[in-house]
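This report refers to the structure that appears directly beneath it.
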Amino acid sequence: MKTVFMGTPEFSANVLRDLCAAGYTPAAVVTTPDKPAGRGYETKPSAVKRFAVSQGLPVYQPDKLSDTEFLKILKNTEPDIIIVVAYGKLLPETVLTLPKFGCINAHASILPKYRGAAPMQRAIMNCETETGVTVMQMEKGLDTGDIIHVLKTPISDTDTLETVHDKLAILSGQALIDVLGMLEKGTAVFTAQDPELATYADKIRKEDEIIDFSEDSKKISAKIRALTPFPYAYSTFCGKKIKVTRAETIDSLVSAKPGTVLAVAKDYIEIACGNGALKVYEVFPESKRKMPVRDFINGSKISVGDLFGI
RNA sequence: CGCGGGGUAGAGCAGCUCGGUUAGCUCGUCGGGCUCAUAACCCGGAGGUCAGGAGGUUCAAAUCCCCUCCCCGCAA
């Protein structure tokens, strides 16, 4: 089976690595162009590009997939199938229909739920207890193709975006390897998605990152975990942003105004929420480094009664 | 030349605006005490060329001016 791999971030790179290890080394790798990013606008190659280059695989970075030069190259590569994992752009019809088996995509949710840009974050944020990866046959719509294979995994209340991301990257590799085997043997079964059950996972916006202490502590915890280790959920303290990078919930009856500091202990501070409280262990103050709350306490003279969120 | 914050003992910070006694605070660490005991409390100690520049200004610079290096946030 001759394959072409398309992907961009770390997630894709992990999957690509697993595919290569399983003997499905692609004939070509396609990723988005290097863009200026980060402080000082330095251009950095994508994680997929870095891996592909390290393996000596040919890499293509077309601005547009409909570019005729690129299409010619793609056609000459003669892939049997194109594997797409978090590439970052929609594929035009010409590409979708080019390979014999078309294009397949591994999506980080149990479709038809959480179609779209941020399935892992949204699933954690919504306190889902289960997630997974779906491999589907791609078609024009966004994440609407027929389902070929699904692998599931539970989400615990200590999982973060980081842990779920890593788990699903592994599952994606497995699922794709399974599917490639099925296609080779002709045993693959295609099941249409039920559009009635579809939900969308919008990308994370600025306001999604703000902690609202009037919410239930469990929701706040879920938000924090959904955005760890990037970009992190934040609140404000003394007029400055402060990200909360590690916390857990406490079930207790709290009557204090949400955001109030209820306790300052040695290694944590307790903050009142709309329902219950949040025990914060690690923070990331604006312009500073990520630090244990203990350090923050030492330097900030925070005390019981102070307010977060203002 | 995208915008902004910052580099002061092992850690987190204050001091800098309006230069001037032994550079302070919280914690850690070491020693001692109290205690049945302790991560609690009390007493005491060590530890800083204040990022770097045989720079500038000055009687005097962590504090003002100039240059370099490094770290971080935002935005992408």
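The chains referred to below are lettered A, B, ... by the order of the sequence lines, with proteins before strands, and numbering in each begins at 1. Just so we're clear, the structure is a prediction, and the values are computed from it rather than from any experiment.
Atom NZ in K266(A) sits about 17 Å away from atom P in rG12(B), given to the nearest Å. Here rC72(B) presents its C1' atom at 13 Å from OH of Y232(A), a figure rounded to the nearest Å. Straight-line distance from the CZ atom of R294(A) to the P atom of rC25(B): 20 Å, rounded to whole Å. Residue Y268(A) contributes atom OH, which lies 17 Å from atom P of rC27(B) at whole-angstrom precision. If you measure from atom CE of M291(A) to atom P of rC27(B), you get 17 Å, rounded to the nearest angstrom. Rounded to whole angstrom, the span from the CD1 atom of I269(A) across to the C1' atom of rU26(B) amounts to 15 Å. As a whole-Å value, the separation of D267(A) CG from rG28(B) P is 10 Å. Remark: P of rC13(B) and CD1 of I242(A) are 10 Å apart, rounded to the nearest angstrom.
For K100(A), the NZ atom sits in a loose shell: 12 or fewer heavy atoms of surrounding residues, nucleotides or ligands are nearer than 6.0 Å. A 6.0 Å sphere centred on CG of L142(A) holds more than 12 heavy atoms belonging to other residues, nucleotides or ligands. By the neighbour-count criterion of 12 heavy atoms within 6.0 Å, atom NZ of K243(A) is densely surrounded, having more than that number from other residues, nucleotides or ligands. Within a 6.0 Å radius of CZ in F190(A), more than 12 heavy atoms belonging to other residues, nucleotides or ligands are found.
Rounded to whole Å, the P atom of rA60(B) lies 13 Å from the corresponding atom of rG55(B). For the C1' atom pair drawn from rG6(B) and rG15(B), the interatomic distance equals 15 Å after rounding to whole Å. rG19(B) and rG28(B): their C1' atoms are spaced 33 Å apart (whole Å). Distance noted for atom C1' between rC50(B) and rC74(B): 29 Å (whole Å). Separating the P atom of rU29(B) from that of rA75(B) is a span of 39 Å, rounded to the nearest Å. With both ends at atom P, the span from rC72(B) to rC34(B) equals 48 Å, rounded to whole Å. Nucleotides rC69(B) and rA9(B) place their P atoms 22 Å apart, quoted to the nearest Å. Here the separation of rG33(B) from rG73(B), taken at their C1' atoms, is 47 Å to the nearest Å.
Pairing of rA60(B), defined by two Watson-Crick or G-U wobble distances under 3.5 Å, is not identified with any nucleotide. Across all strands shown, rC41(B) forms a Watson-Crick or G-U wobble pair with rG33(B), both key distances being under 3.5 Å. The base-pairing partner of rC13(B), taking Watson-Crick or G-U wobble contacts with both distances under 3.5 Å, is rG24(B). Across all strands shown, the partner of rG4(B) is rC72(B), judged by Watson-Crick or G-U wobble contacts whose two distances both fall under 3.5 Å.
Interatomic distance, CD1 of I104(A) versus OG1 of T134(A), reported as 12.5 Å (0.5 Å rounding).
Between rA11(B), rC27(B), rC71(B), one nucleotide has an atom nearer to the side chain of R289(A) than all others, and that is rC71(B). Distance from the side chain of F284(A) is smallest for rG73(B) among the nucleotides rG73(B), rG28(B), rA76(B). Residue D295(A) places its side chain closer to rG12(B) than to any other of rA75(B), rA39(B), rG12(B). Nearest nucleotide to the N298(A) side chain, out of rA39(B), rU26(B), rC74(B): rU26(B).
Between the side chain of D80(A) and the backbone N or O of K2(A) there is at least one donor-acceptor pair closer than 3.5 Å. At least one donor-acceptor pair closer than 3.5 Å links the side chain of R225(A) to the backbone N or O of D157(A). Judged by distance alone, the side chain of S12(A) and the main-chain N or O of V48(A) form no donor-acceptor pair under 3.5 Å.
Contact check, K243(A) against rC74(B): a side-chain N or O comes under 4.0 Å of OP1 or OP2.
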Enumerate all atom pairs, one protein N or O and one N or O from nucleotides 5-7 of chain B, separated by less than 3.5 Å.
{"from": "rG5(B)", "atom 1": "O2'", "to": "S287(A)", "atom 2": "OG", "distance (Å)": "3.0"}

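The side chain to side chain donor-acceptor pair (under 3.5 Å) pairs that include a residue from residues 164-177 of chain A are D159(A)-K167(A), where partners are two or more places apart or lie in different chains.
If you check every strand for non-hydrogen atoms under 4.0 Å, K290(A) touches nothing.
Heavy-atom distances to RNA chain B give each of S300(A) and K241(A) a nearest nucleotide, and the one nearer the 5′ end belongs to S300(A).
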